[in-house]
Amino acid sequence: MRNQTAHIPELLAPAGGRAQLEAAVRFGADAVYFACDRFGLRQRASNFALDDVPAAVACAHAAGAKAYVAVNALMGADDVAALPAYLEALDAAGADALIVGDLGAFSLARRHAPHVELHVSTQAGVMNAEAARMWHELGASRVVCAREMSVADIARMRADAPRELELEAFVHGAMCMAVSGRCLLSSAMAGRSGNKGHCAQPCRWSYALVEEQRPGEFYPVEEDVRGTYVMNAQDLCMVEHLDDLAAAGVDSLKIEGRNKKAFYVASVVHAYRRVLDGADPAEGAAELACVSHRPYSTGFYYGPAEQSPERDGYVRECLHAADVRACAPVGDGAWRVEAVCRNRFCEGDELEAVAPGRASFGVRVRDLAWLPRPDADDPHPSPVPAAVANRSAEAYAFTVAEELAPGGFLRIRTP
């Protein structure tokens with residue numbers, strides 16, 4: 001943040017799986033949140049088996065980050081019956097907090113996970129200090145602000161709520177057209193409950209009008225032959241307004257995206273971490289334009305949230321080109337890189353490196369070679385010179401003029 005005398009809030013990142021968790025903490029997240037294969041609201045994410053949670057928590061803690069587990073689905077009677085043993089396992093795993101939206105689940109968590117802090121999910125729709133105070137009296141250490149709140153609303157709630165109660169607010173990622181995500185469209189139209197973590201995102205589908213006397217004749221609502229996207233919420237991006245949120249009293253800045261890949265998580269965490277540590281917010285905005293996203297807006301923070309009814313699809317200035325696996329000096333200021341290909345790039349291409357702790361920078365690919373996988377017939381295959389890297393998930397080697405950090409990412413500008 002530009003105002004370095006202000007308190008710097010926690011940066012909280014999504015971890016849909018182990019690769020995303022590792023990327024988040026490598027690129028500077030102060031905390032991560034993830035779910036197991038039950039009771040979370042992102043069932044399409046990789047998620048974690050319950051037995052894998054201790055290792056995930058240990059990974060976060062080894063990097064100095066906290067680990068929060070989402071138990072934020074709405075609970076039916078069968079869910080509640082299964083919760084005690086589940087909560088006890090999370091308590092034993094050393095999770096720092098549970099993110100809970102259901103009052104019954106919250107009550108059970110107090111009894112069966114007594115060593116874990118309780119954070120109230122945005123699903124609970126906390127929008128005022130009285131609600132925040134009530135949750136605090138029940139044992140919550142943090143509430144996640146309803147996504148419909150403005151910066152002024154949050155400041156008012158901060159002033160009136162108990163000082164020791166932390167406030168968390170979303171700063172980046174997809175927005176839902178329903179109040180705090182509590183939507184029935186997916187359940188009604190696709191038989192998949194968004195409140196149980198199975199949202200099919202029908203609000204993103206295209207729609208047209210049909211007049212009852214003219215079945216089969218579709219009339220676009222907007223000037224678009226494909227239909228209209230009347231519920232097509234823009235993505236949230238607050239990287240240029242972090243000082244406002246800190247001044248309003250936000251303790252934790254949350255990035256949405258447990259369905260996203262490690263490259264996305266690393267790129268977004270990298271941008272927000274840089275700005276929180278003093279980089280120009282314009283740099284952060286430029287970085288965030290590189291990842292796949294719907295048109296950005298500031299959500300409800302400064303007025304009504306915006307939609308994009310005139311278009312579908314995502315915007316991105318770059319493609320994920322490769323994951324850096326190793327890098328070693330080869331003399332004369334050159335470095336030999338091994339990387340896993342994710343999208344096509346060629347000999348002589350200018351790639352951009354995304355590395356922890358520094359601004360992104362360009363490198364030119366030289367002496368590109370494919371690295372065949374070892375097998376029984378050839379346990380030590382020789383590199384094969386290549387003009388293009390186009391074998392997805394295969395390893396390539398090439399020379400660059402600057403050191404690249406293993407665990408970093410490479411991207412390429414789209415035409």
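Both backbone and side-chain heavy atoms feed into the values below; hydrogens, waters and symmetry mates do not. No experiment lies behind these values; they were computed from the predicted model shown.
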Within the 4.5 Å heavy-atom criterion, are [X] and [Y] side-chain neighbours or not?
X: Phe106; Y: Leu118; value: yes
X: Arg373; Y: Glu394; value: yes
X: Asp235; Y: Glu256; value: no
X: Glu338; Y: Phe398; value: no
X: Val100; Y: Asn72; value: no
X: Leu245; Y: Val151; value: yes
X: Val32; Y: Val25; value: yes
X: Leu288; Y: Val268; value: yes

Between [X] and [Y] (side chain of the first, backbone of the second, donor and acceptor by atom type, cut-off under 3.5 Å), is there such a pair?
X: Asp332; Y: Ala334; answer: no
X: Ser107; Y: Leu103; answer: no
X: His293; Y: Val291; answer: yes
X: Tyr296; Y: Ala289; answer: no
X: Asp102; Y: Gly104; answer: yes

Q: Go through Asp96 and His61 one step at a time and tell me if the side chain to side chain donor-acceptor pair (under 3.5 Å) criterion holds.
A: CA-CA 10 Å; Asp96 294 288; His61 288 176; 2.7 Å; yes

Q | Greater than 12 external heavy atoms within 6.0 Å of Arg344's CZ | A | no

(Q) Tell me if the CG atom of Asp378 is crowded by more than 12 foreign heavy atoms within 6.0 Å. (A) yes

For the atom pair [atom1] ([X]) and [atom2] ([Y]), what is the distance rounded to the nearest 0.5 Å?
X: His320; Y: Asp323; atom1: NE2; atom2: CG; value: 3.5 Å
X: Leu50; Y: Tyr86; atom1: CG; atom2: OH; value: 6.0 Å
X: Leu165; Y: Arg163; atom1: CG; atom2: CZ; value: 9.0 Å
X: Met238; Y: His241; atom1: CE; atom2: NE2; value: 5.5 Å
X: Leu98; Y: Ser121; atom1: CG; atom2: OG; value: 12.0 Å
X: Lys254; Y: Arg147; atom1: NZ; atom2: CZ; value: 9.0 Å

Q) Taking the six-membered ring for Trp, are Phe27 and Phe409 parallel (under 30°), tilted (30 to 60°) or perpendicular (over 60°)? A)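 Tilted.
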
Q) Does the ring of Phe361 carry Arg358 above it, NZ/CZ under 6.0 angstrom from centre and within 45° of its axis? A)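 Judged by the rule (NZ or CZ under 6.0 Å from the ring centre, within 45° of its axis), Arg358 counts as positioned above Phe361.
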
Assess whether a salt bridge exists between [X] and [Y], defined as any Lys/Arg side-chain N lying under 4.0 Å from an Asp/Glu carboxylate O.
X: Arg158; Y: Asp153; result: no
X: Glu347; Y: Arg366; result: no
X: Glu22; Y: Arg18; result: yes
X: Glu317; Y: Arg413; result: yes
X: Asp160; Y: Arg133; result: no
X: Glu10; Y: Arg142; result: yes

**Q.** Passing option when Ser360 is tested against His270, Glu352, Arg411 for side chain to side chain donor-acceptor pair (under 3.5 Å)
**A.** Arg411

